[in-house]
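Down below is the structure, laid out as structure tokens.
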Amino acid sequence: MVREDDETLVNREVLSWSEFGEASRELARQILASGWMPDLVIAVARGGLLPAGALGYALDVKAMGTMNVEFYTGIDETLEEPVLLAPHMDTSDIAGQKVLVVDDVADSGKTLAKVMDLLRAEGVPLNDGDAPVDARCAVLYTKPRSEIKPDYSWKETSDWISFPWSCQPPVTLED
């Protein structure tokens, strides 16, 4: 559903909880149809937490992880570069695994690019060589300006996206 926001005159893509369920299942179908199946699903926190959980269930993958990355500080406000936040995920056991990285949106693509670069650089000495990580990424939305093209994406839009889990301000004691 798309609507024009009266206050800021910004076109918005509004994702409902029901559509989120449909989008998650469609992404799972795309992944299965590609013939590739992850051993591990990693959520890019915070936006990728719910999509990653939904994909983990839809694909019946129980091994889950989280990478905490800060980039957006507000609507269209970002840090210069994405920053990995503590606690850091232990990646010592992911060499040689198929890893699906999940986020809500590939906007600029900088956050996904950082996480994918980190994972693809992993690999531990195993006897005669390294065991690289086979990392792919999935998002609900891709923006045309994204510097990375996700392996799996439900929809492309240039609109601002209102996700059902982040469209309201944080709860306060005055609520």
Which heavy atom of [X] sits nearest to which heavy atom of [Y], and what is that distance?
X      : Y      : answer
Gly56  : Met64  : CA-SD, 4.1 Å
Val99  : Leu119 : CG1-CD1, 4.0 Å
Asp39  : Ala63  : O-CB, 3.4 Å
Ala28  : Ala58  : CB-CB, 3.7 Å
Gly65  : Leu40  : N-CD1, 4.0 Å
Cys137 : Leu112 : CB-CD2, 4.0 Å

Pairwise distance [atom1]([X]) to [atom2]([Y]) - rounded to 0.5 angstrom:
X     : Y      : atom1 : atom2 : value
Leu15 : Ile161 : CG    : CD1   : 8.5 Å
Asn68 : Arg46  : CG    : CZ    : 10.0 Å
Met67 : Met116 : CE    : CE    : 10.0 Å
Leu27 : Asp151 : CG    : CG    : 11.5 Å

Worksheet item: Would Lys149 and Thr142 count as a side-chain contact (heavy atoms from CB on, under 4.5 Å) if you check the C-alpha gap in whole Å, the side-chain angles of each, and the deciding distance to 0.1 Å?
Response: CA-CA 8 Å; Lys149 182 177 178 352; Thr142 302; 5.9 Å; no
Worksheet entry | Residues which pass side chain to side chain contact (heavy atoms under 4.5 Å, CB included) with Leu50, listed by chain and number, not counting sequence neighbours | Trp17, Phe20, Trp165
Worksheet entry | Under the side chain to side chain contact (heavy atoms under 4.5 Å, CB included) test, residues paired with Glu26 that sit two or more places apart | Arg29, Gln30, Trp154
Discussion item. With side-chain contact (heavy atoms from CB on, under 4.5 Å) as the criterion, how do Arg12 and Asp159 come out once you've worked through the C-alpha distance, each side chain's angles and the decisive distance to 0.1 Å?
Written reply: CA-CA 5 Å; Arg12 290 185 183 263; Asp159 295 337; 5.7 Å; no
Worksheet item: For Arg136, does the CZ atom have more than 12 heavy-atom neighbours from other residues, nucleotides or ligands under 6.0 Å away?
Response: yes
Worksheet entry | Backbone of Ile31 reached by a side-chain donor or acceptor of Ser34 within 3.5 Å | yes
Discussion item. For the backbone of Gly109 and the side chain of Lys114, can you confirm whether one donor and one acceptor N or O come within less than 3.5 Å of each other?
Written reply: no
Worksheet item: Any Lys/Arg nitrogen of Lys98 or Asp134 sitting under 4.0 Å from an Asp/Glu carboxylate oxygen of the other?
Response: no
Discussion item. Please determine whether side-chain contact (heavy atoms from CB on, under 4.5 Å) holds for the pair Val61 and Met37, giving the CA-CA distance in whole Å, both sets of side-chain angles, and the decisive distance to 0.1 Å.
Written reply: CA-CA 9 Å; Val61 175; Met37 185 66 172; 4.1 Å; yes
Worksheet item: Any chain of hydrophobic side-chain contacts (each under 4.5 Å) joining Leu140 to Leu32?
Response: yes
Worksheet item: Under a single-linkage definition using a 4.5 Å side-chain heavy-atom cutoff for Ile, Leu, Val, Met, Phe, Trp and Tyr, are Val102 and Tyr57 assigned to the same hydrophobic cluster?
Response: no
Fill in: Close side-chain approach of Asp103 and Pro51, heavy atoms under 4.5 Å
no
Item to complete: Using the test side-chain hydrogen bond (donor to acceptor under 3.5 Å, both in side chains), find all partners of Asp90 that sit at least two apart in sequence or belong to another chain.
Response: Ser92
